[in-house]
Amino acid sequence: MEALYATAVGVLTACGIYLVLRGRTFPVIMGLTLLSHGVNLFLFASGRLALAAPAVIGESADPTDPLPQALVLTAIVISFAMTAFVVVLALRAAVELRNDHVDGVDPEEDWRP
Amino acid sequence: MNHLPVLPILLPLITGALLVTLPRLGLNAQRFISLGATVAGLGLVLWLGSMVLEHGRMVYALGGWAPPFGIVLVPDRLSVLMLVLTATLALPALIYACRGDDDAGAHFHALFQFQLMGLNGAFLTGDIFNLFVFFEVLLIASYALLLHGGGTARSRAGLHYVIINLIGSALFLLALGMLYGLTGTLNMADLAVRISQAPQAGQPLLQAASLVLLVVFGVKAALLPLLFWLPRAYTAAAAPVAALFAVMTKVGLYAMIRVFPLVFALDEPLAALTAWQWLWPLALATLALGGIGVLGATSLRNMTAYMVIVSTGTLMAIIALGSTEALAAALFYLVHTTLLTGGFFLFADLIARQRGAAGDYMVVTAAMKDRRTLGILFFFGAVALAGLPPFSGFVSKAWMLQASLAEGAAGIFWPLLLGAGFLMLVALSRAGSKFFWRQSPERDHDMRADRVRLACVIVLVGAGLALSLAAAPLMDYTRSVAAQLMAPGDYVRAAQEADLRLTGGH
Amino acid sequence: MMLLSTVALPLLGALITPLVSRRSTAILPALIAGTIGITMVSVLLSQAPDVLGGTILIEHYPWLPGIGLSPAFRLDALGLFFALIIAGMGLLITLYAHFYFAGKHGAVRFHSLMLAFMGAMLGIVTSENLLFMLVFWEMTSLVSFVLIGFHQDERPARRGARMTLVITGGGGLALMAGVLLIGNSVGSFQLSDILAPETALTSDPLYPWMLGLVLIGAMTKSAQFPFHLWLPNAMTAPTPVSAYLHSATMVKAGIFLLARLNPALGDTDAWLYSISTAGMATLLTGAFIAMFKHDTKELLAYSTVSHLGLITLLVGLSTRMAMVAALFHLLNHALFKAPLFMMAGAVQKATGTRDMRRINGLWRTLPALTVISAVAAASMAGLPLLGGYLSKKMFFIESLGAPVIMPLQWLTPALAAIAGLFSAAYSFRIFHNVFFNGKPQDLPVWPPKNPGVGIQIPAAVLALAVVLVSWHAESVVHGLIGPVASAAAGVALPDYDMHQLHHIGTAFFMSLAAMLGGLLVYMAREPLFRLYDQLPPADAREIFEWLMTRAGGRAERLVHALENGSVQRYIALIILSAIVLAGPVLLSGIQWHGGETMTPVDPLTGLGLVLLMATAVGAVLGHHQRLFALLLLGSAGLFVTLTFARFSAPDLALTQLSVEVMAVIIMMLALSFLPQTTPRESSRLRKGRDLGVAALGGLGIGLVSFAIMTRPHSTIADFFLSQSKPGGGGSNVVNVILVDFRGFDTLGEITVLGIAAVAVFALTRNLQLKDRIPQERDQYWASNPHPLILRTMARPILPIALMVSAYIFLRGHNMPGGGFIAGLITAVALSLQYMAGSLAWAHERMLTPFRPLIGLGLLLACGTGLGSLLFGEAFLSSWFGHYKLPLLGHLELATALLFDLGVFTTVVGATLLILANLGKLMTVHGPGKEIG
Amino acid sequence: MTATVLPIALALFSLSLLLNLYRLLRGPDIVDRILGLDTLNVNAIAVIVLGGIYMDSSLIFEAALLIALMGFVSTVAMTKYLVRGDVIE
Amino acid sequence: MMGESMALPFWLDALIALLLLSGALVALLGSIGLARMPDVYMRLHGPTKASTLGVGATLLGSMIWFGVGHEGLSAQEVLITVFLFATAPVSAHMMARAALHRRVACREGTHGEPWDEMDRLPGYAESSSSSDNQR
Amino acid sequence: MTLMPQLTHWWPRPHFSLFLLVLWLLLVNSVSPGQVLIGAVLGWLIPFSTQQFWPERPHLHNPGRLLLYMLRLLVDILRSNLTVARLILRDPDTLTPGFVRYPLSLTNEFAITMLASSISLTPGTVSAGLSPDRAYLLVHVLHLDDEDELIEQIRERYETPLREILE
Ligand code: NA
Ligand code: NA
């Protein structure tokens, strides 16, 4: 299972990285989401994989490590906040720059006024 | 129980929350609250500083949970230095903002307070995941502040800044996952102990984690090749925001000197750490790039942004030497450069406000109304920034040069540092002569510089002189900071011996 | 205290002058400066007998002993000599300037700067601490910069000032490095230690560096070839400045420094060859060019360059008596050059120009000045019996005895003689061309007016001094120069044999040849000028400006080539950095499999993970179709949820799911303003590069994840598991961690969410979306946005969802759930009302605006934590109790619940604020109206 | 008997999931994809419930409840988006 | 994994098994329909009915399973079932509407193509919401 | 927007409150007095605070008949699934799909919704749209044999009962 899980983490991250390197804001944001999926799964796995062992007292004899779960929870919330923000920012940038390229312009163009 | 350590975090949080709760509050009331809280915050950190001076280091266990299980705040000399620096920079920046910049968008004051909360939290926490959380707090606040006031340049620079920092955050989490997966703990002191006792088989992974952290902190601290987001972001931000951002790059640096010596080099020399070895060449390259950037800048804002890069390059290079003396010199320089570059961001804005459409671009315009006062101020500021006597820049430069010589690193470091200073001199003299000496024959601009804004700039630029005059105690202090940092064992002991009982159900 | 006040007094004066003189009479600044000058001179003179007798006065003021940076002052004969020149000359220049600036504005500024300069200069020559001397050293550069740029509105002034600053400032940096090397080698920056006989710097391996760096500092300051270029360009400064800084004092600082360090650094071949070569080159260049300058001040400037070269050469020669010659010439130069500058200034005042082709025959207008100038020019030309003659002859004598290697032995005297020839020629020229040489030609001021007696007094005093020094040359050399030279040499020198100056030997013939040759060259000036004009023009200022502009342009281009504004590149750099840094470490002998046995794969979980990967890959492949990719992203989130659920993380599953839906909705809201497709614009190469980066990154993370998962695990988790119920009062350990053990993280986390929402509010507040990006779909927008069936069904869903939310919230402490998830459920249920009704419709029905919700949530969470302070516990200490109440039965009360309520409130407020403000953009009411 | 049937049921639902994903990836129209995802959500609920029986724990049933709620809301949001070009207005 | 301790009456066990199995089969049928049908409108039929019912049956089975002897009757399953049955038609309605508005083609031979009239009915303007009028 | 806009009814929906209370007790799986109290409070509080979101008041004439209707619907659902199963497994080419306009006689919004839902859940029909003037429902039929018969069936089995119950 660990190998398959690690593969999933790797694939998610790789997909995230590829999309993050695109030139338009929307794929980049999707890439960030995938990247954070990958990283969250990675962080989650730092507590090792446990089946049917929720960290609820009385539910399981040998509960899994609850701490990474708490960390991932925090990370999920934070990345949600960030995603919401960056989406709005991308929208604003696209409206103001009349273009949804991450650089807002042709990268060759001189940026100074 | 002494609750002082947590108050520098709570005060801005509560202030910010209050300002969000009362969205209809008038601007003046907001200013009053925000300024009051910032002044009180300065008082708080000074008070905390006096406590730390007394005790050396405090350990505050949040929720009463003993480390390593709960989160601890560990204000020590370094924290205090950073806290006081932040508060000192924040106050003039805020006052400056209160002259109208805060009205350019919504919720400036709340965001400013949240920014302070994030910074203070990052400087206080002794838990590495909590450090991540405070990084995020200060980052999201900085995103919002960067975009404060709107406009295309800000949108574009902000988008880049945000995306890059989001990737940085992902990397941070990655490193945290590695650290927790290998050590099973998050408290920095406990991490240090566990890493020092980790089996050999785990070493490559731990090293890799430290290197990922180097990238994370390097992005924040503006280390080449991770710094390209900085010039435009700092150039685009509203002046008081940019001024406050002068301390933002220092957060990355703070994290480096907090985490690496403590967590990864508890029992071995810092220089043996791969991440630390990388720091030296990258920092030198940063320094070189910064110097060239200063020379190539076309606006004063942009130039100041590159001076920030020069300062981070300098700081990291000198820190990379790893000696106590070098670290002490770096910290002294850090204080100097943060206040001065912060002041110069404000100054650039002050000038831009006088010059109409030309702004702070280095083009010739009609004479400014206040050009004498501003010119004199610019002269002293430039002298201080370029590291010429009698200002603190000179003192810190002399110190850093000596410290690097003692480490046998003068051969590369000296030419770069002195060269960067030289380039700054060239660029600043050119800028100064364009702004204050050369005028187009048009009618003079008749707007006077706002007195309060001017005073803010004077205070920050004057810090160059004040730091020079008060150099002796500050140098003693940074020495003691460096000594404390170089003895991570004490930190670990303090954190472990924290005499705490478990609270909870009674 | 005496020396400190000597330096401090002028500096203080510099500060006071502008303060007191703002609205008072014009005489006040000059009066202040004059008083200070007189005080200085008298104080110094009072010390002269002792100091010349060999006493060394030293004062220490510890400041930053840790880095050796402390003001320390030292007055020995060398210092006194220079200090007297500085103070005395300063006094005269003050007098001169008072008349020079009469009727012009700028006097206050000038006197203030002059005093600052005087203080700095005195600081240089009386510094005991070499490092602290740099403070004064750089100060002179800066003051000089400002003084050269005195006439800011003139382009040459600005350029000259900048050039000077760049050259002397750069030199200062080199000097700083040199000083630091010296200090490091000696272990002290105190001259007493550095000059001590037992110090052996010359055998230090870094000696060449020390010498080189100090030399650069000295050469830039003293305008030595090739750094001499700044000096002629500094002539844009007011004439008093030229006379004082650029002939008598500042330019001598470099020479002073060499003389000062001579005992420590001198007496080596390197010293000899480097300094004397530089001096000789300067001497010749300056002397040659001076002849051809038509501007009086420019001629004098090049002449100064040349004389500085001469003095430098002498310092470098290191023969026993060369130092005497150098210092004597230095004195003479100060005495004869300053009145010539003063003359130039006075003539300019009289005629309105400095062009010698126009100024002629002024002896009628300025008879007194003619006499004064005659004396000074004669001394400069080296006419017999004047100081200049004597010192130049000393120079010839030393050049003959120069310890140069054999084949070059004739070269030094030969070049010296040639230089002397040109020197004589330009001396004749400046005197003859100004005061005789026919009638003036179209002067701006006609007829030339006598500028008054006052302005001529200082020059007369100096001319008198020239005569006096020449008259009493022997006593001057023995009484003053001798001790000074001894101080400079570091050893007591025997008295200079003045008789050899009166011998008729080689040196005499050299002098004679130079004089006559100079006369001949002067006679032949017209054809020589024509010849010179045919040389390619090389204006140093233009070249410098061109260089600076070019360097700036290059730098700009280089930086913008790197910082090109392409965030794609920056991101790639960051990810690559992580790979490049961490990769090699990982590849070096790591054992990927950590040894723990792996969990067997069950088919369903395996399928789930495969589907997760499939959706992610699908999102990448389909990312050009944005909505489709978003759909896949949503399903990826669903599979992540299932993965969490499968691996014993129910809380995570709940959170991930709610967050995912919210995020997708938010992204969809934004998508409606963005293009629906992503253009295919990446080149094949770019795609390949990105694929490579992505593959490496993914591979690395996958491998590391595998390595970690298969390693044994020992964590602090047992504490949480065992303390969750007794210590935290809840059986859902994850929740207890979130609200209690690590509640501080959660506080930070909801703060992030709150800030993000407020930031979204701020971002959308003034956003104008008039121009929605056109979409093909637009033509179909013609239907009821709020379908009846949806609307009707959404009604009962809200209260039921709220009930579920309350349930999830209340059970959170003991079972999966909690404030965050409950908050998101509430937000989702309310957002359904937005979709089913309309923004305006639903918004009217909200009980409260959203921002106060966020703030109150944060305050509640914070306040819960603060509550524990009242009981003397740390922030966020939890409290809970179990109660048996009559009728109601068992009841548990916990502060954690209150904290979680804060979380809940913030989440609801933040999420709805974001949604409502994004939704607001779509409405026709549009921006302007604040929502939330 | 339940024990015997359970893996079969899980296998059948897995097959359903695959078919849903096929529709999600295949399209052709975006509505087909939304339909695929919607059905995927519904089937995922069943998988979670069966998993709960399998692990003898109803701890994750809230996840099922949430999928039902969130799945509905997201389907509504997407279809609204398709019809109106916006979700909330 | 499954609670070995409890002894379920045979008929109950059989009922649960039947519910689970039939639920899975019906849901699969729905998914097959989704995969197999030629146009989007026809595909809608499978999931809206079959999948809902299939999952409903599974939930019912689970409810009995947990209700008898395990953790006691819990409302989640009921709630989910009711919710699914309540929302499935709405989802289907919304999706069908979306498809119609996008002019997604239906299979050849479909009776009564509805495109134009949906948008051009008399009285349309009055009955739609205010925001429509202003577009 | 003011704080607490017109919350006019102090107990807007007694039946629904009761339903929520039962739902709560089922959710927490307990009937302890404490939970009853919480359930009651929530059961009141939630409808009270959200009453503006549900302004319509469906007048239920006969709750018993509604239950009966539901039961019939359930049977139809089961039957419909068998029908649809057969159709799904058939060769799709033999199906004759079609759109049918079902003329509505209901006016009550809730009733229309119920009807549309019922149609969607039952044999081979999906309500695909409601005409903007609410004159007819557009129904997609998977296998259309006789349009009139279908309309008649819907009217008889669903619309008429619904009108009686809800209007
Ligand atoms: Na929870
Ligand atoms: Na549904």
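Here the structure is a predicted model, which means the values were calculated and not measured. Chain identifiers are assigned alphabetically (A, B, ...) following the order of the sequence lines, protein sequences preceding nucleic acid strands; residue numbering begins at 1 within each chain.
- Contact detail for A:I17 and C:G698: the closest heavy-atom pair is CD1-N, 4.4 Å.
- A donor-acceptor pair under 3.5 Å is absent between the side-chain atoms of A:R22 and the main chain of C:Q568, judged by distance alone.
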*Would C:F644 and A:I76 satisfy side chain to side chain contact (heavy atoms under 4.5 Å, CB included), going step by step from the backbone distance to the final call?*
CA-CA 12 Å; C:F644 285 143; A:I76 289 176; 4.3 Å; yes
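- The most heavy-atom pairs under 4.5 Å with chain C, out of A:V87, A:L21, A:V11, come from A:L21.
- Between chain C and the residues A:L89, A:T7, A:L19, A:L12, the most heavy-atom pairs under 4.5 angstrom are made by A:L19.
- Both the backbone and the side chain of C:L630 come within contact range of chain A, judged by heavy atoms closer than 4.5 Å.
- Residue C:I914 touches chain A through its side chain alone, counting heavy-atom pairs closer than 4.5 Å.
- Contacts between C:L753 and chain A at a heavy-atom distance below 4.5 Å involve backbone atoms as well as side-chain atoms.
- Considering all non-hydrogen atoms of both residues, A:H37 and C:E660 come closest at CE1-OE1, 3.2 Å.
- Pairing each heavy atom of A:F85 with each of C:A756, the nearest pair is CD1-O, 4.3 Å.
- To the nearest 0.5 Å, the span separating SG on A:C15 from CG on C:L621 amounts to 8.0 Å.
- Both the backbone and the side chain of C:D602 have a heavy atom closer than 4.5 Å to some heavy atom of chain A.
- In this structure, CZ on A:F80 lies 11.5 Å from CD on C:Q656, to the nearest 0.5 angstrom.
- With a 4.5 Å cut-off on non-hydrogen atoms, C:V704 touches chain A through its backbone and its side chain both.
- In terms of non-hydrogen atom pairs under 4.5 Å with chain C, the most contact-rich of A:G38, A:A55, A:G16, A:G23 is A:A55.
- Considering A:T64, A:I57, A:D65 as possible partners of C:V733, the one that fulfils the side-chain contact (heavy atoms from CB on, under 4.5 Å) test is A:I57.
- Between chain C and the options A:V9, A:V20, A:L67, A:T13, heavy-atom pairs under 4.5 Å are most frequent for A:L67.
- When each of A:V28, A:L34, A:T25, A:V39 is checked for heavy-atom pairs under 4.5 Å with chain C, A:L34 comes out on top.
- Listed here is the closest heavy atom pair of A:T33 and C:M667: OG1-CE, 4.2 Å.
- Distance check: C:L763 CG to A:L91 CG gives 9.5 Å after rounding to the nearest 0.5 Å.
- Heavy-atom distances place the side chain of A:F44, and not its backbone, under 4.5 Å from chain C.
- Within the 4.5 angstrom heavy-atom criterion, no atom of C:R569 approaches chain A.
- Only the side chain of C:R742 comes within less than 4.5 Å of a heavy atom in chain A; its backbone stays farther off.
- Listed options A:A90, A:P68, A:A75, A:A45 were ranked by heavy-atom pairs under 4.5 angstrom with chain C; first place goes to A:A45.
- To the nearest 0.5 Å, atoms OG (A:S46) and CE (C:M709) are separated by 10.0 Å.
- The CG atom of A:L49 sits 10.5 Å away from the CZ atom of C:R646 when rounded to the nearest 0.5 Å.
- Both the backbone and the side chain of C:L691 come within contact range of chain A, each with at least one heavy atom under 4.5 Å from a heavy atom of that chain.
- Rounding to the nearest 0.5 angstrom, the gap separating the OG atom in C:S648 from the CD atom in A:Q69 is 7.5 Å.
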*Please assess A:F26 against C:H623 for the test side chain to side chain contact (heavy atoms under 4.5 Å, CB included), listing each intermediate value before the final yes or no.*
CA-CA 9 Å; A:F26 201 78; C:H623 81 269; over 6 Å; no
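- Checked by atom type and distance alone, the side chain of C:D651 never pairs as donor or acceptor with a backbone atom of A:L73 at under 3.5 Å.
- If you measure heavy-atom distances from C:I737 to chain A, the contacts under 4.5 Å come from the side chain alone.
- Only the side chain of C:T715 comes within contact range of chain A, with heavy atoms under 4.5 Å apart.
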*Can you list the steps and then say if C:T710 with A:E2 is a side chain to side chain donor-acceptor pair (under 3.5 Å)?*
CA-CA 7 Å; C:T710 52; A:E2 276 78 1; over 6 Å; no
*May I have the step-by-step check of ring-ring contact (aromatic ring centres under 6.0 Å, His included) for A:Y5 and C:F647, ending in yes or no?*
CA-CA 11 Å; A:Y5 185 93; C:F647 293 112; 5.6 Å; yes
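- Nearest heavy-atom pair across C:S566 and A:D103 is CA-OD2, 3.2 Å.
- Salt bridge annotation for C:E681-A:R24: present, with a cationic side-chain nitrogen under 4.0 angstrom from a carboxylate oxygen.
- Within the 4.5 angstrom heavy-atom criterion, atoms from both the backbone and the side chain of C:F706 approach chain A.
- Contact between A:A8 and C:L612 at its shortest, heavy atoms only, is CB-CD2, 4.4 Å.
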_Test log, rule side chain to side chain contact (heavy atoms under 4.5 Å, CB included), inputs C:R711 and A:R48_ = CA-CA 9 Å; C:R711 271 169 168 70; A:R48 311 301 187 263; 4.0 Å; yes
